[in-house]
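Below is one structure, written out as C-alpha cells; comments come after it.
Note that the structure is predicted; figures quoted are calculated from it, not measured. Numbering of ligands and ligand atoms starts at 1, following listing order.
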Amino acid sequence: MIYLDHNASTPVRPEVADAMHQALTDLGANPSSPHRAGMQARAAIERAREQVAALVGARADEVVFVSGGTEGDHLAVIGAALARRDHGRIVAAAAIEHHAVHGAAELLEQFGWSHQSLPCDADGRTPVAAVHALPEGTTVVSLMFANNETGVLQPVTELAAAAHARGMLVHCDAVQGAGKVPVDAAALGVDYLVLSAHKFGGPKGTAAVIVRQGAPLAPLFRGSGHERGRRGGTENAAGIVGLGLAAEAAAREIATESVRIAGLRDAFERQVLAALPDAVVHGARVPRLPGTSQVSFPGARSDHMLMALDARGVCASAGAACHSGGVEPSAVLTAMGVSRELAICAIRFSFGRTTSADDVARAATLVPEAVAAVRQSGAVGARP
Ligand SMILES: Cc1ncc(COP(=O)(O)O)c(C=O)c1O
C-alpha cells in the first residue's frame, strides 16, 4: 500500500503511541484532583501545553485543549462571535475554509448572525481587498493558514492586519499547516489559532486552540473551570500527552522534513506531468504546503480514479464530494474559478513523514496507469 493521504490523517508516531499507552496505564486519576495521582496527570498535561505552545509560537497559558480541529474551529469562531455580540452580528470566512469553519458560521446564522464569504483568486489565495470589502458590523473573520485541498498558503499576516485595522477578531485555522511548516501565532498576529494532532503524527480527537492573551472568548462547554474556564470537561490526558509529544517531534524535524517532502512532491508532479501532459496541478504557481499536490486528470472522474488507484494500492483523496451516482465539484476549486469538468476530475495526493522516495516513484507510474484505465473504461469521463 502506498499511503498518499496525509492531509486526511497521518499514521501515529510509534513513540507517541507508546507514550499514550503509558499515559493510559499510569495516569488514571482526574487531573483536577488535588492528590498525588491527580497531580501526576496534571503535570503531564502541563508539559504537553508547553510542547504545543512551542510548536506555534504561543504562550503555554494561551493553549486550550479540545477534542479536535472541528471543535477548535467552533470554539474560536462561535466563542469570539458570542463574546463580541454587542458590537455586531456578522461573521466572515474565506470561501475556501474547511467545513468545520463554515459549519460554525452556519450555526451562528441560525441564531441571527449573517455570514459573509471572502472570495479567492485563481491561485486559491484570499486577497486583502476581500477584507477591506467586508461590511461594517463584521466582528469575526476566519482565515485559514493553508488550504486542505490545494495546500496553498494564505497571506494570513496581511489579512489579519487588515482585519484588525477594522476592529475585527481574527481566527486562523492552521490545522493543515501546524507541524508541517513553521507556524507562529504571534508573528501571524491572529487572535485564535487551531491545530490538530492527527495531522502531524498524533492521535485523532485531540487538538488545541491558541487563544491569544487578551482575546475575548465565550466558552461553549461550561464545566468546572477546566482550561481556565475556556473549555469545560475532564481533560483527555492520554490524547493530550500524544499531542504534546507529536508537537515536540514535529518541531524538531520540521526544517529537514519540509524540504525532503517538498522534494518528493515535486518529483511526483514532474513524473506525472511528463506522462500526462494534460494533467493540471492546482495552486502550482504559488507557495504551497510541501506535501500537497492536487491534480486534475481531464476525462477521469475523481470517484472512478479513487477506485482505480485503490485497486493499485494507492490511497489518495478526491478533490470532490463523491456520493452514489455522481460527484460534486469541490467548493475550493469552484471558488478558484476551475471549470466543473476539471474540478470533478481532481485528486489530492498528500505526502508525509512515512512517505519514501520509492513510494513516490511507484505512485508516479501507477497514477498514469490508473488514468489510462479510467479513460479506457469509458466511465463517462469528465461528464457528470
Ligand atoms: C483545514 C482543516 N480544518 C479543520 C479540520 C478538522 O480537524 P479534525 O479532523 O481534527 O476535526 C481539518 C481536517 O481535515 C482540516 O483540514
Side-chain angles (χ1 to χ4, degrees), residues 3-12 16 52 55-56 63-79 93-107 118 120 124-126 141-154 156 159 170-181 183 185 188 190 192-210 220-221 231 236 239-240 242-243 246-247 250 282-283 288-294 315-321 330-333 335 346 348-352:
Y3 185 77
L4 301 183
D5 205 10
H6 288 254
N7 284 17
S9 199
T10 58
V12 173
V16 168
V52 169
L55 178 68
V56 291
V63 175
V64 178
F65 291 119
V66 294
S67 71
T70 302
E71 185 194 327
D73 283 334
H74 278 66
L75 175 57
V77 173
I78 300 175
I96 58 166
E97 294 294 313
H98 190 268
H99 297 298
V101 166
H102 289 310
E106 282 159 19
L107 200 55
L118 287 82
C120 73
R125 287 195 294 200
T126 305
V141 58
S142 187
L143 305 158
M144 75 194 324
F145 182 87
N147 185 259
N148 43 299
E149 290 185 28
T150 60
V152 169
L153 299 170
Q154 301 297 311
V156 177
L159 292 165
V170 180
H171 165 50
C172 179
D173 175 338
V175 166
Q176 288 294 346
K180 299 176 182 167
V181 290
V183 172
L188 289 171
V190 299
Y192 316 90
L193 182 137
V194 170
L195 57 103
S196 182
H198 76 104
K199 305 296 185 182
F200 54 89
K204 291 155 197 50
T206 313
V209 185
I210 307 304
L220 305 187
F221 297 174
R231 199 274 191 178
N236 168 10
I240 290 170
L243 165 60
H282 300 289
R288 284 178 288 162
L289 289 174
T292 306
S293 178
Q294 193 183 33
C315 302
S317 270
S330 103
V332 173
L333 294 180
R348 180 189 68 192
F349 302 94
S350 46
F351 311 84

Between ligand 1 and Lys199, is the shortest N or O to N or O distance under 3.5 Å? yes
For residues Leu143 and Leu118, determine if any side-chain heavy atom of one lies less than 4.5 Å from a side-chain heavy atom of the other. yes
Atom 9 (O) of ligand 1 [closest protein heavy-atom partner, distance rounded to 0.1 Å]: His198 NE2, 2.9 Å
Per-atom filter on ligand 1: closer than 4.0 angstrom to a heavy atom of Asn148 are 1 (C), 16 (O)
Numbered atoms of ligand 1 (with element) below 4.0 Å of Gly68, judged on heavy atoms: 10 (O)
Taking only non-hydrogen atoms of Asp73 and a 4.0 Å limit, the atoms of ligand 1 in range are 3 (N), 4 (C)
Please state which protein non-hydrogen atom is closest to atom 15 (C) of ligand 1 and give its distance, to 0.1 Å? His98 CD2, 3.2 Å
Is it the case that the side chains of Thr292 and Asn7 hold a donor-acceptor pair, with the cut-off being a distance below 3.5 Å and no angle test? yes
Which residue supplies the protein heavy atom nearest to atom 6 (C) of ligand 1, what is that atom called, and how far is it? Thr70 OG1, 3.5 Å
For ligand 1, the portion of Val175 having any non-hydrogen atom under 4.0 Å away: side chain
Test side chain to side chain contact (heavy atoms under 4.5 Å, CB included), reference His171, set Leu193, Val190, Val194, Leu75, output is Val194
Which atoms from ligand 1 have a heavy atom of Met144 less than 4.0 Å away? 1 (C)
Distance to 0.1 Å, residue and atom name: give those for the protein heavy atom nearest to atom 3 (N) of ligand 1. Asp173 OD2, 2.6 Å
Side-chain touch Val16/Pro203, heavy atoms, less than 4.5 angstrom: yes
With side-chain hydrogen bond (donor to acceptor under 3.5 Å, both in side chains) as the test, would you mind laying out the steps for Asn147 and His98 before giving the verdict? CA-CA 8 Å; Asn147 185 259; His98 190 268; over 6 Å; no
For atom 16 (O) of ligand 1, what's the nearest protein heavy atom and its distance? Gln176 NE2, 2.8 Å
Identify the two heavy atoms, one from Ser142 and one from Glu97, that lie closest to each other, and give their separation to 0.1 Å. O-OE2, 3.3 Å
How far is atom 8 (P) of ligand 1 from the closest protein heavy atom, and which atom is that? Gly69 N, 3.4 Å
Checking side-chain hydrogen bond (donor to acceptor under 3.5 Å, both in side chains) for the pair Gln294/Thr150: CA distance, chi angles, key distance, verdict? CA-CA 5 Å; Gln294 193 183 33; Thr150 60; 5.3 Å; no
side-chain hydrogen bond (donor to acceptor under 3.5 Å, both in side chains) assessment of Asn148 paired with Lys199: CA-CA 11 Å; Asn148 43 299; Lys199 305 296 185 182; over 6 Å; no
